[in-house]
Amino acid sequence: MICLSLAAPTLDEAVADVRANLPHIDALELRADLLYPGELAQIGTFPRRLAAADIRLPMILAIRRERDGGRFSGAEAERTALFRSAVGNVANGWFAIDLEEDFNPPGLREAAAEAGTRVIRSLHLPDAFPDDLEERLARMARAPSEILSVAVKINTTRELLRLCRIQELLGSRPRIIRGSGDYGFASGVLAGRLGSMLTCCPAPGRPVPPGQVDAGTLDTLYRYRRLSADTALFCVIGNPVMHSRSPHYHNARFREDGLDAVYLPVQVDLVEDFFALADHLGIRGASVTIPHKAAVIPYLASSDEAVGRIGACNTILRHPGGWHGRNTDVPGFLGPLLAATGRNDLEGSRAAVVGAGGAARGVVFALLSAGASVCVLNRTEARARALAEELRSACRGGATITAGGLDESAMELLESHREVIVQTTSVGMHPNEGGDPLPSYRFRGDETVCDIIYTPEWTRFLGRAEAAGCRTLTGRAMFEEQAAEQYREFRRLV
Ligand code: ATR
């Protein structure tokens, strides 16, 4: 169940939020502590207002204290009175009231039971994951009619794994378990699959707490209500990773193909912990992004040639013999380049690569493997030379690899390798859009020019090439092709 957490300041706005999200939600939680003080006294009228709007959904009432991450600053006696007035009338029909682990005023549980309202027994840990969470939960779990609820800040991938294991420990116990923060994101999307009764999320347009998405996104992008134990799980790992566009790309493709699969971002600090998490959750494949492209390699049982040569792996796939690593940046770069040039390979071509960092490695290997001769030009010339030495053995046929700097003396080298020019440095990337790594180079118009940067899609460098009449390829074209290549691998594993 998707539970809309109502953070509106007035009851009328809360009803409007529910109405606007009806297609995506199965329950709602009124966060009464976020209401204006004058509205708080009116919470007893909320069920009637919903009924008047013809809305019938299970309703949860929460009045969260400041120490639990809420805004209620009054006395406990006042909170007790508010809960009592809400559940006092059976006709109100609250599904549940949220009472904290330490909040047990005499008679309130009984009053709730009489009104047919359940108790959610909750633990809020907005800062840290306690060492003894499992024991605390075991103590809380004593009253079997209560629904156990834990909202805990997740600060590492290992803590996310621990929270997933806790879900398993709780067996069939009714529960609502959620990790907050970016590291906890997967615990919200997979809450139902892991055994939680529901997951709470905000209405679009209201503040989105870290590690959550709004109800519509959870329902449509992540297919929350259709996830089951059979759904094939895929993810992108990185740090940071929440900004990644990959979930939009892969989830859209899964939907188009009618596959029971979902793809989500998983923020990872230590790759070792990710592999344990992947085993626990049964993750079938993942995209790997910065800073883990090299760190995953020791965990692979096998890999394609590019991974070994480049020392970077951007795709991991669960094969029967263990994890298989691929680097789809190579076909992602070559595919659009060959399509643009109308050729099957680059034999006899001469290409220049600007930059000698991690991204340049993949591009140089790709060009060499297609048969081109390559010159590597880099601000720090020694780095360009080192890269050329390392990849010399990947030259095919009579192709060569040379190196130079970015100054005037290297321009001759560029002139003789200008058929294809690939920009791989970070110069010109958002937020430094004005940058140009080769400001003195004048394009003739017969070069094929690529820039691997995709924010912005049109860098100053690529814009100059386009204006000079060159054939151009944006980083976006390459990003999409490497994602398409990944998708072809993922869909085989569904
Ligand atoms: P990536 O993995 O994205 O390639 P990297 O390994 O840090 O990142 O490499 C960054 C590349 O951009 C390098 O080639 C770097 O040149 P140096 O080796 O001389 O550092 C290049 N680069 C970064 N800032 C630059 C600038 N202002 N001018 C020219 N080149 C620059």
Side-chain angles (χ1 to χ4, degrees), residues 236-241 243-246 268 271 287-297 306-315 325 327-330 332-334 337 351-368 374-391 394 401-411 413-414 417 420-441 449-457 459-465 473-479 482-483:
V236 49
I237 64 168
N239 196 356
V241 75
H243 65 281
S244 170
R245 299 296 298 162
S246 296
V268 168
V271 293
S287 311
V288 181
T289 185
I290 292 164
H292 300 314
K293 287 186 181 187
V296 297
I297 294 176
V307 170
R309 287 283 195 163
I310 304 165
C313 169
N314 79 332
T315 312
N327 191 313
T328 68
D329 287 332
V330 171
F333 165 70
L334 273 184
L337 178 60
V353 175
V354 183
R361 266 183 105 76
V363 166
V364 171
F365 173 77
L367 290 166
L368 293 176
V374 176
C375 83
V376 186
L377 304 172
N378 193 45
R379 177 177 62 181
T380 311
E381 194 177 331
R383 227 177 149 195
R385 272 194 250 109
L387 177 56
E389 279 320 307
E390 276 178 61
L391 290 180
I401 182 161
T402 43
L406 276 187
D407 50 13
E408 287 305 314
S409 64
M411 285 306 114
L413 205 50
L414 176 58
H417 287 81
V420 176
I421 302 177
V422 189
Q423 196 303 109
T424 73
T425 75
S426 48
V427 181
M429 193 186 325
H430 176 80
N432 301 309
E433 275 92 346
D436 186 332
L438 283 174
S440 61
Y441 180 73
V449 183
C450 320
D451 195 325
I452 63 156
I453 291 172
Y454 56 90
T455 46
E457 186 170 7
T459 56
R460 167 171 283 201
F461 181 72
L462 201 61
R464 283 205 298 121
L473 272 172
T474 70
R476 177 185 285 248
M478 292 175 244
F479 171 79
Q482 69 76 25

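Order of appearance sets the numbers: ligands from 1, and atoms from 1 within every ligand.
- Contact record, V307 with N327: CG2-N, 3.6 Å, taken as the closest heavy-atom pair.
- Between I297 and A312, the shortest heavy-atom distance links the atoms CD1-N, 3.8 Å.
- When I290, T289, V268 are each tested for a side chain to side chain contact (heavy atoms under 4.5 Å, CB included) with V241, only one passes: T289.
- Two residues are said to be in side-chain contact when any heavy atoms from C-beta on lie closer than 4.5 Å; I310 and D329 fail this criterion.
- Checked by atom type and distance alone, the side chain of S287 never pairs as donor or acceptor with a backbone atom of V236 at under 3.5 Å.
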Close N/O pairs between ligand 1 and protein, under 3.5 Å:
| unit_1 | atom_1 | unit_2 | atom_2 | d |
| --- | --- | --- | --- | --- |
| ligand 1 | 2 (O) | G358 | N | 3.2 |
| ligand 1 | 2 (O) | A359 | N | 3.4 |
| ligand 1 | 4 (O) | G358 | N | 3.2 |
| ligand 1 | 4 (O) | A359 | N | 3.1 |
| ligand 1 | 6 (O) | G358 | N | 3.2 |
| ligand 1 | 6 (O) | R383 | NH2 | 3.2 |
| ligand 1 | 14 (O) | A356 | N | 2.9 |
| ligand 1 | 14 (O) | N378 | OD1 | 2.7 |
| ligand 1 | 16 (O) | N378 | OD1 | 3.2 |
| ligand 1 | 18 (O) | N378 | ND2 | 2.8 |
| ligand 1 | 18 (O) | R383 | NH1 | 2.7 |
| ligand 1 | 19 (O) | R379 | NE | 3.1 |
| ligand 1 | 19 (O) | T380 | N | 3.0 |
| ligand 1 | 19 (O) | T380 | OG1 | 2.5 |
| ligand 1 | 20 (O) | R379 | NH2 | 2.9 |
| ligand 1 | 27 (N) | R379 | NH1 | 3.3 |

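- Residues R379 and V427 have side chains not in contact (no heavy-atom distance under 4.5 Å, counting atoms from C-beta outward).
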